[in-house]
Structures are given as structure tokens and as C-alpha cells.
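For clarity, every value in this text was computed on a predicted model and none was experimentally measured.
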Amino acid sequence: MEETIARILTELEEINQIPNTQNQTPLISRSTLLDLLSLLSTNDPDLVSQLFDDLPSKSLSPSSLTNLLSFTMDSAPSYSILASKVYLSLLLSPNSPVFTLFTPISFLSFLRSLRRAFKNCPSAQSEESPPSHAPPNRKRKGGGRVRGARGNVRGSGDCSEEASDTFDMKQVFKVFEMLVSVLGLIHLDRFPDSLKSLVQTFGEIPLMAMEKLGNPSSFNRLMDLCSRVLSEVLRAEHGELANTAAEVLKALSPLILMVKSQARSFALGFVTKRMTELGNESDGVKKAVVNFPRYLAQKAPEKAEPRALAVDSIMEVVKVMDFVDQIGYMDYVLKMTQGKANLRLLGVDLIAMMLMSLRDPFGVDSDVKTRDYWGTKCLEALITRCSDLSAGIRARALSSLAQVVGFLSSDDRNKGILKEVMGLSEGGEERPQCGMNDLLKNRCMDDKAAVRKAALLLVTKLISLLDGCFDGILLKTVGMACSDPLVSIRKAAISALSEAFRTFSDESVTTEWLHSVPRLITDNESSIQEECENLFLELVLDRVSRAGPACAPKKGSVSPESYLTTKSLEGELELLFPGGILILLKGICDGEVTPWVKKLCTSLGKKKRLKPKIAAALQNIIKTSESIWLSHSMPIEKWTAPAGAWFLLSEVSVYLSKAVEWEFLHHHWQLLDKPGSKGKLQSPLLQGNANEDGEGVESNSVAWAGDRVFLLQTISNVSMELPAEPAADLAHNLLKRVEKFNMHSTEVNAHVKALRTLCKVKSLNPEEADQLVMRWGQQLLSKAHEILEKYISDDKEANNNNSFFTPPRSGSRKGKQAARASRLLSKTVTAVYTVGSLVVVCPAADVSSIVPLLYTVVTSGNSDPKLNKLPGPKVSLKQTAPSLYIQAWLTLGKICLADGKLAKSYIPLFVQELEKSDCAALRNNLVVMMADFCVRYTALVDCYIAKITKCLRDPCELVRRQTFILLSRLLQRDYVKWRGVLFLRFLLCLVDDSEKIRQLADFLFGNILKAKAPLLAYNSFIEAIYVLNDCHAHNGHNDSKNSQTESRLFSIRGNDERSRTKRMRIYVCLLKQMAPEHLLATFAKLCAEILAAASDGMLNIDDITGQSVLQDAFQILACKEIRVSSHRGAASDSAEVEEDGDSSASAAAAKGRAITQAVRKGLIQNTIPIFIELKRLLENNNSPLTGSLMECLRVLLKDYKNEIDDMLVADKQLQKELIYDIQKYESAKARTTAAEAVAGMQNQGVYRSPPCVPKAATGAHPENKMNQKLSSDSKVASAIADAAAEATARSVLREVNKGAMTPPLKAINMPKLKSNQAGSSAKNDRFLDVLESLRRRIDDEN
């Protein structure tokens, strides 16, 4: 060892003589470091003492040795770990001068070497497999030591030579273990900077090690050593424990707030386990741990995913805290929910996590009142945030509340408390801030999609708490959400409404579900269609299937009484059909629900998802209803099945023909087809028209006929399964019934369709079936021809006879003839309708003999001389037999659909009748026929589309709505194109008098048209302004009389407020459909084609319509919809959520906003000259539009106040006027706001200056909204201060006058003021001046 010491001292002496310059740094060579390490590892006190004793002989000192080691640790990355190990060994060696060797600078060099070692680690597997490219010469010996020492400078080649030793994990582990021992010797309380650096370094090492190390065992061992180092730091010898613990937690916070990783797990584990244990022993550490969640809350990121991880981390720490400390942190979080937006958002997340993570949030196991427990306060705060001003916070609060309700409602003890806090308990108090029904109604109709979606999710979770008390308005609101434009909202609404229907079986929920969900089978989104099918199968068909087998009446369960009221029978049926089956079946047969049920059954049948048990259950329900009726000895001819049962069976039997029994159908056909079945118009059971006074039950012919129609449809559906002989008998009976022409129209269709189906069963092949159909078809046509011809001849004869009889004929004879004529008319109407039904099922039928008679009917009484020569009645049947007249047009339309040649001749006749008919029912039928003609004969009808669109302005709402729906369908299917006047005429539907038509129009323009023809609104916008004002001042209008008549019909003429409001609503709807670039282009077109046209004299501003066009242009340019907002164009609902972690997207959005602003500014600069010229023209003509122009300019330039001087350099007068107008407008607005605020203060009896309102405004209180509005504007604040002072002075004067108003000064002969003493005269004179000025001000106001 003597030789080793000598070698060490010699090299240290040589290195010490090397000057420390910028080009080279004195470093200890690797060999010397190894010699030092071997010497120190002996732990021999004598050898160590000898080393330190010999240092002065070489002009060295322990501090110089420390400095050399610091240089080496800083500048020799290849073996800095070795130098660090030597440095720690020196400190740990026996008899070493520790306080001399340890310096803050050397310790900082040691910490930097640790950081550098992890940063320069080449790869995760370097510790096990050294790089193969390392050169073989690893060490220089002998005299090369000095050269090697001199070569150990920055940038030397030895770094690469020693690459294999750069990061030896075993050496690092040894260094960490030695550091733990050193911290036991040296107290860092005298070196606070060193302590802080140590903590920061070991807060960074886990993250660097995680990136470099691939071996989990090595990383775990490293983290264990880091934990030991940090634990050693947390000793009283190293300083105040509270401060040290705070530094440790601050250093670990970046790891805790990062994404899930091993480093985050280490940091959380150290805080929640080790520091918690230390906190039990030290109040300082405990205090730091208690305050740590608050620090994390302040440092939590705003993005969604990192914020969620921060919340998880905070909750991990809160869970290990004492209950008292948890309550304290809960109070802190409640205050956060009233702070800035980011803190409110974080507070919402934390409250939800605390309610779901901490034990017993409502204190059900404690003696504390529930109202005062921490969970109740948190829940109330969360409900309050559901009305926050920020949409993102509202959405997050609603979704968090949904999670909390879903989690806590699993415990029955919490349900009552939840209901009480939310104001949902029966007869419970509605808390002013916690009325959930009102809150949910408002949030379900929120402007932001994310809020609506979260509200619907909350509705779904709350259903388990409602106990059947579902608010009717809220139910309607959820039903309306099923038609939301966004797919995600529709899905959420379907889920909420279906959960309510699954839970409750009352009539209101069932009706709303049936009217809202089944219609979505026609939705454009396939996933919604599938969800609709699944829900209908689960909630309707499966429910009916389960109820069917269980509904058979038990013996003794029915009353033997033969005289019962309807209610008693309904109650008995409801007992046998549980779960609201009767209500469900009744709702299915509603006219608005029936089409969607048909589509659903068809879709499910084609996919083979209908099960035979559905048909069996429906048959069982009908049988059970019949048996209950008979058990009370009621007449069977007055019985009807439960409403909807036959309808649903007729729909499912198409795909379940084998599941329907022929005996069942045959039995009920015999019951329903009896000659006397058409009785009085009363319903026995479910139609709700029974006599409640005890007069028994009577039959309802309408319900009876409906059941018979559905039964016929069922028979025709299963006819392929019927035996041949019963089928032939049934067909014969049906034909006999049809030939009598005494049935209702719906029955006629069912009979004809059933006949056609039964002919297929009787026939051996399709040709024979067609022949059979043609045979009985011609038979029916001939009989119908006879009846129609007889009626026409009788009518003509009666008209001729009446013309010869001047005196009145006998009353009895006339009455008999009238009765006979009435019966003949009814039979003729049915015969004509039967011809139409026959043509539909058999288009090849010969109707050549019928068409002339129908033509005679529809042209009867025509004033055309050519038509008067034809045989037929001279008096129009439109007046004498309107039902026959309407049916003739309907049948003629069906014939034209089957015969193209006939249609070519008769379509103009249909259009003519559509234009001149005064019967709304006939116009409605003609519109439907024209729509069918458009599908079948598109080219023939295309030229008449403009005439059809006139029905959009029909006086009858039904005709307008029917026309709108039919034309919309044709437009979507491309049978009609958006060209010509069609689009412009559709615009008026947006302001129709009917609310239903307005809703349909909003949906068409806002959803369908926006996707199908996105440029249509932009291309037609300017023309729409002229057309809606009926202005003919441009070349696109023809001034013909016919054109002017139609243009007036499809315009909203007038400059009154109502007309302007209607037109503006249309303009706003069109602007909302435009992309940002089209808004800018529309702005330019308005200026060029309207404003410039007016200034150039092309638009006559003396005409009232020209003035309306110009005023509309001013209003459009000033409206907010034409401005390009920063979020315009975000089509998906995800764009409305506040979290968007894509920085590149935000940068692109910022760039887009900058470009848009630049383009808009350029547009305004180019527009200013037009405004200047137009202003001069309007002023010269003393036009009332000058004010509108100035208001428009003020709105356009309010965002460019600083650039007004440059923009209006051509007109200084206009510049001054605009600046004055802007200032005047803002002052007036401030005074108005101040007056409103002061009035509110007066109502409260308090006059005060505007309060200092925190930025976190709570949306639940309108006072906070007003306060935020007042404090955000200095002008408003100044105005309100003046108004408050004025009001205060006025109240003081009133009090001085004892309630009497101060009289005007002119009414006072002499001021009654006492003279003051000379000593205070000046001071009192000033007070008198103030009083007099106040009186004058009040007198002026009075």
C-alpha cells in the first residue's frame, strides 16, 4: 500500500500543477481513482491517516483533493460514477476530515454526476452486454499516466474508450448505498442549498431511470434506494422537518402528476406509505402531507386525461389522511368550486371521486345529521356546478353527478338521502338550488352538445330514484332529444327514455317512448336503427311474449255478475295482463306510431328475429279477453279484442305464418263477419267510450271494423298455410261481401288484398292465379260500372225533373227519394273506391268502361262549352255529392298510376283541379297523387313542380304540411331538384304559422339540406333577399302578371316589425348553414350586389321594396351570425367538449382565426368606400335608412376602434360621427345596465357600489351573473357608482323632507337657511352648495 499511496500522491501533484484553463481541466485519471478506491476500501485508519498526512509534502491539502474530485465528477462523464464513489468513500473513511472534505460545491458536483450518468446511459441493456465496438486497450500504464491525465480533458477520445463503464448499475447501487451512510454522518441543516439540490435530484432520477432501464428488477431496486435516501433526508438532523418534507413533496409532484408509470407509482407509494408513517411521528411531516393535495390541485393540468390522473393521485393521498384532515380538504375543494374556471372543473372531479372513494359520505353510520354531513355539502356543490357559466364545467358536473348517483344508489340507505338532497322525494321540499327536474329540463335543452349528452346520462341514472314520479315535462324533453341533430345525443336520449320505459309501465312513459323511439328506425345512422330494433324487440315484443302465457284466467278469478261497467272489466283485464301490456298494445295502434311499428316488424322479420312465441302470446291474449267477456255472460257480438292486439298480430304474421292457427282465425272471422256486427258507436272495453252510468256496454262499429281489417290481413298473411277448401270458401265469402259495396274503405282494401292472396293459394301456378284475379276483378268492375252509371243517370234525370216542377212536391215522396238517393250515393262511393283498390292489386284490369264515367263525374257542371256537349249531369257533383267527387279523383289517380298513356292525358287535369279546388281534403289527396306521379312519371310532372309548390302557402295547415313532407322526400330521393323557385319557396316554411311545419323546416334546412346541398344557401342568399321582399329591381325577375301574383304569394312584403322579424329569421337560418369562407364571401356579395347597387342607382331606394332590401342588408351585415367565430365549422359534438389535448389542432385553429381576422379586416376596408358613398346618397335624399346604415357601421367597426382613423381617411366627418355614435351607444348601454342594477339594489333596500365579484360566477344565481357583468366593464362600474350615489342623495333628501318631494327652486321665495358663525362659514357654504346642486338636479329630473 505504500507504493499505491506514493503513486496517488505523485499523480495528484502533477495534476495540481496543470493550470485550469478554458481548453483543459485538471482531471484525476481512472487509474488513480481506482488506486484511491482500493486504498479507501481497506478501511485501515492508519493508511488513510498516512494519505492525509503526506498530502502537505506534495503541496496538497484535503480541500484540494476535494476540488480535483469535483472537477473529475463534472468533466469526466466516462467515469464520473467512479469519481463519485471515491468521493463518498473519502467521506466515509475512518479518521477522515469530513467537514473539510464536504463542501456544497463538491456535493453539487456529485449530484450532477448522478444526473449525467442517467442521461448519458446508452441503452437499457448496457449494464449486461457491453458494446462490441469498444477498443481492446482500456488502460494506459507507466509513464503514460501524465499524458493520460492531460488527455482527460473535454472532448478527448477516452470517453469512447470507456463507454462500457459509463453506466454500471451495480456501481450506481453502491453509490446510492454509500450516500445513505454519508447522510447519516453529515447533517445538511447547515447546507440548505445542498439539501434542496439532493431532493430535486432524487425527484428526477426515477423518471430518467424509467426511460433508460429495461429491467424491472433493477428499477425496483433503484427505487428502493431512492426511497432510503429520501427517508434519510426526512430526519430532524437535516433541518426543519416541515420544510424538508415540503421540498420532498414538491420534488415528487411532477412524477405524481405524470401519466401512469413506474415512476409515478414510486412517488405515490413513497408519499402514501413512507411519509405517512413518518407523519405519525412528526407533526411537520404530517402537516406537509396534509397540505400536499392542495398543492397538487394548484399544479394539476387543465387537459382532460392528465387532469384525471391528477385527481386519482390526489385521492390516493387523501385516502391515507385522517378523517379530520379529509374534512378539511373537502372544505378546500368546496371553495375551489367557487374559484376560477380551471379550479371549478378540478373541484367537480375531486368531489365526485371523494363521494365514491371515501367511506360513508352521508353519515348513515354516524350520529351527525345528514343535512350537515360532508357528503351532502359536496353533493349540493356538484349540483350547483351543473348550472355553471362554462359549458365544459356544466357537462363535467352532470356526468360526474351521474357517476355519483349510479355508485351511491346501489346502497338502499343512500337512496333516501339522494332523493332528499336532489328534491326528488315525494312531497319533499324543492331546494332552491337543487330542484333536479327543472335543472334537467334546462340542461337537456342546453346549447352545447356535451351538456345535453351529460344531462341525458344523468336522467338515465336518476330513474332508479324516481319511484314512478317521472316529471311530465322532463319526459317530453327527453323525447324531443331523440330527434337531436347529433348522433351521440340521440343515442343518449334513447338510452334514457328506454331505461324509464324499462322501469315504469305507466301510460305517460309508454306513450312518450312509443312516439319517440320507434320512429328512429328510419334514422340515417345504422347503429341507431339497430338499437331501435333491439329495444323494440326487448321492451315491446318480448314483454308481450312474456305476458301471453301468464294471462290465462284462473278458475274463480272472474265474477259471475252479468252486468258490469267498463271500468270493472278493464280492471280485471289489467290484473291478467300485468306490466302495462294493455297500455302498450293500445299505444302501438296509435296513428302516429303505427307506420314505425310496421317498419320495425318488417325489419325484424327480414332478419328472422321474430319468434313464434310472439304470435302465440297475441293469440292467447285475444282468447283470454274473449273468455273473460263470455264468463260475464256478455253478448259476444259486442266484444272486441284489446286494442292493438289484432294489429300487431297482422304485422308479425307475415313472417310467422306457421305460428298462427287456422282454427283461431276461422273462429274469430265468424264472430267478426256477422251481418249485424255493425252496431252502435260504443266501445265495450278499451276504446274508452263506455257508458259509466251503469247502462252496460255497447259495440263500436269502428273498432269492430278495424279488428276485421287486421284479421283479414292476418288471414292473407297466413293464407299460404291454409287448407285449399277453407281458403276457397273464404275467398267466395269475401267476394260476396265486396260485391255488396257497403263496407268502409279500409275494409275494402283488406278484402281485395285478401282475395288476391287466396287466389294464389287456390291456383296451381302464377298464371292461373292471375287469371282468377282478372276474372273476379272484371266481375267487380262490371258491377261497379252499373252502379256508377245508374247514379249518374238518376242524378241527371232528377235534375231534369226538378227543372219542370215549380210547385213543391209532396214531403213523404221527396223524403223517400232522398233516402234512396243517399243509399245509392253511399253505394256508388264505395264502388268507386273499390275500383281504385282493384287497380292497385291488379294493374292489368280493363277499366276502359269506368274511365269515361269517372271523367264525367270530375268534369260535371264545368263551364267549358266543349265539355257541356258530353253526356252527364249539368249540375256539378262537387256540390251535390262531394264524397263521390273526391273518390272519383282518387280512383282516377290510381288508374293513371297503372296506365302511363292515360296519365299523360290526365295529369294536366289534376294540376288544374289542384289550383282551383276549394276543398281542402281534395287538395290534400291531389298533392299525394302528384307526388306519386312524380315518382312514376318524373319527366311529365317536372314542369308542374312550381304549381305544386303553391300548396306550401295553402290556407289549410294539413295541406301545407303534407306538401312540405312529400316534396322533401322527393328532394331527398332526387326525383325533384333544388332549382328554380323551389328552394326560395321552401324558405317561407321556416316562418309558417304552424309550429309543426316550422320544426320540420328547421330540421330540413339544418340537417338534411346542409349535408345534401351545402352550397345552396350560399348561392341563393342574395336572390332570397330580393324574392322575400318582392323586389323587382334586378334582372332575374319577370314582371308578368302571373309571375307577380306568385311572387307576392311567396314573399313577406312590408317594412313593419313583424315582416322584418320573419325575414331575418330566414336569413339567420341560411347563414347558420354556411362555412366560414362562404360567410366572408356572402359579406362581400351583400356589399357588392345590394349596397353598391343602391349607391350606383341600380337599386331604386325610393321604392318601398328597395328600401326593405337595403334595410335587410344592413341588418344582415350587423348580425352576429355572419361573423366568423373561432369555433365555427366544428361539426362533431366532440368539438364542443372542453377537453382537446391536440396542441397541433389548437395551433391550426389559432392560425385559422388569425387568417379569418385578416380577411375580414380587408373586407371591411374595401367596404368602407361603399358605405361612405351610400351615406352621402341617403343624406341627400333625407332617407330614414341613414340611421340603419350608421348602426350597421357601428357594429362592423366596434372591433376595429383603433383602425377607424386609417379606414375612414376619406371621410373625416363620417369618422367623427362613427366615433361619437360608438361612444354614445356604449354610454347609453352602461347607463341602462346601471339603472337595472340600481333598481335591483333599491328592491333590496341597499345602495352600494358594484361589488368585487370573484371570477367564478355561479350560473345558478342571476345576482352573480349581474355582478360579473358589472365588474367586467369599467364604464358600467362608473355609471352604476354615479347612479348609486345619486339614488343615495335622493333618499337622504327625501328623508330630510320627511317623505315630501323637494319643491322646485322657483317655487321657493326665500331659502330658509340659518346663517352660520364666522368660524365655520366657508366649510358650511360648501355643504350648502352641495345641497343646492342636488336639489337642482332633482328638480331637473322632475
Side-chain angles (χ1 to χ4, degrees), residues 540-541 544-545 547-548 581 584-586 588-589 593-595 597-606 608 610-626 636 639-674 677 686 702-735 737-738 743-762 837 841:
V540 177
L541 299 183
V544 172
S545 301
I581 296 300
L584 178 60
L585 290 174
K586 183 179 179 181
I588 284 175
C589 63
V593 180
T594 299
V597 174
K598 290 181 178 180
K599 288 182 178 293
L600 281 165
C601 291
T602 301
S603 179
L604 291 171
K606 290 180 179 179
K608 298 182 179 180
L610 294 177
K611 301 176 182 178
K613 64 180 182 179
I614 299 172
L618 289 169
Q619 294 175 77
N620 201 5
I621 289 173
I622 295 172
K623 292 177 183 177
T624 304
S625 174
E626 180 187 358
I636 191 60
W639 167 79
T640 56
W646 279 115
F647 163 68
L648 190 57
L649 183 61
S650 67
E651 294 301 322
V652 300
S653 61
V654 178
Y655 305 95
L656 301 172
S657 57
K658 295 183 179 180
V660 183
E661 303 171 0
W662 164 244
E663 292 78 8
F664 168 80
L665 296 177
H666 181 68
H667 167 70
H668 286 90
W669 175 250
Q670 289 179 338
L671 290 179
L672 296 175
D673 198 44
K674 289 183 178 180
S677 61
L686 304 177
V702 176
W704 195 284
D707 286 350
R708 190 161 58 241
V709 169
F710 295 133
L711 174 57
L712 272 174
Q713 291 179 1
T714 306
I715 291 174
S716 63
N717 293 336
V718 304
S719 58
M720 301 302 294
E721 306 296 330
L722 297 182
E725 186 176 349
D729 294 339
L730 180 60
H732 180 73
N733 293 334
L734 292 179
L735 183 58
R737 284 291 308 276
V738 174
M743 294 184 295
H744 191 267
S745 58
T746 55
E747 294 183 86
V748 172
N749 282 327
H751 280 70
V752 172
K753 291 179 181 178
L755 269 172
R756 181 190 60 179
T757 308
L758 290 171
C759 287
K760 295 181 181 179
V761 179
K762 293 174 61 177
S837 299
V841 299

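By the side chain to side chain contact (heavy atoms under 4.5 Å, CB included) test, K613 pairs with S545, K611, sequence neighbours left out. Partners of T602 according to the side-chain hydrogen bond (donor to acceptor under 3.5 Å, both in side chains) rule, which considers only residues two or more places apart in sequence or in another chain, do not exist here.
Using a 4.5 Å cut-off on side-chain heavy atoms (C-beta onward), I621 and V544 make contact. Taking 4.5 Å as the limit, some side-chain heavy atom of L604 sits within range of a side-chain heavy atom of L541. Counting only heavy atoms from C-beta outward, the side chains of F664 and T714 never approach each other to under 4.5 Å. Using a 4.5 Å heavy-atom threshold, the side chains of I614 and Y655 count as separate. Within the 4.5 Å cutoff, the side chain of S625 has heavy atoms near those of the W639 side chain.
Separation of atoms CD1 (I715) and CG (L758) is listed at 8.0 Å; rounding is to 0.5 Å. Taking CE of M743 as the start and CG of N749 as the end, the distance is 9.5 Å to the nearest 0.5 Å. The distance from the NE2 atom of H751 to the CZ atom of R708 is 6.5 Å, given to the nearest 0.5 Å. Between the CG atom of L755 and the CG atom of L734 there is a distance of 5.0 Å, given to the nearest 0.5 Å. In this structure, the separation between CD1 on I622 and CD on E626 is 9.5 Å, given to the nearest 0.5 Å. Between L671 atom CG and H666 atom NE2 the span is 10.0 Å, to the nearest 0.5 Å.
Other residues, nucleotides and ligands contribute over 12 non-hydrogen atoms within 6.0 Å of the NE2 atom of H667.
At distances below 3.5 Å, at least one donor-acceptor pair connects side-chain atoms of N733 with backbone N or O atoms of D729. Side-chain atoms of S716 come within 3.5 Å of backbone N or O of Q713 as a donor-acceptor pair.
Pairing each heavy atom of S653 with each of N717, the nearest pair is OG-ND2, 3.0 Å. Closest approach of E747 and R737 over heavy atoms only: OE1-NH2, 4.3 Å. Across all their heavy atoms, S837 and V752 have their closest contact at O-CG1, 4.0 Å. V709 and A750 get closest at one heavy-atom pair: CG1-CB, 3.7 Å. Summarising the geometry of I588 relative to T594, their closest heavy-atom pair is O-OG1, 3.5 Å, with the distance given to 0.1 Å. In terms of heavy-atom proximity, C601 sits nearest to L610 at O-CD1, 3.8 Å.
W646 and T640 share no donor-acceptor pair across their side chains, judged by distance under 3.5 Å alone.
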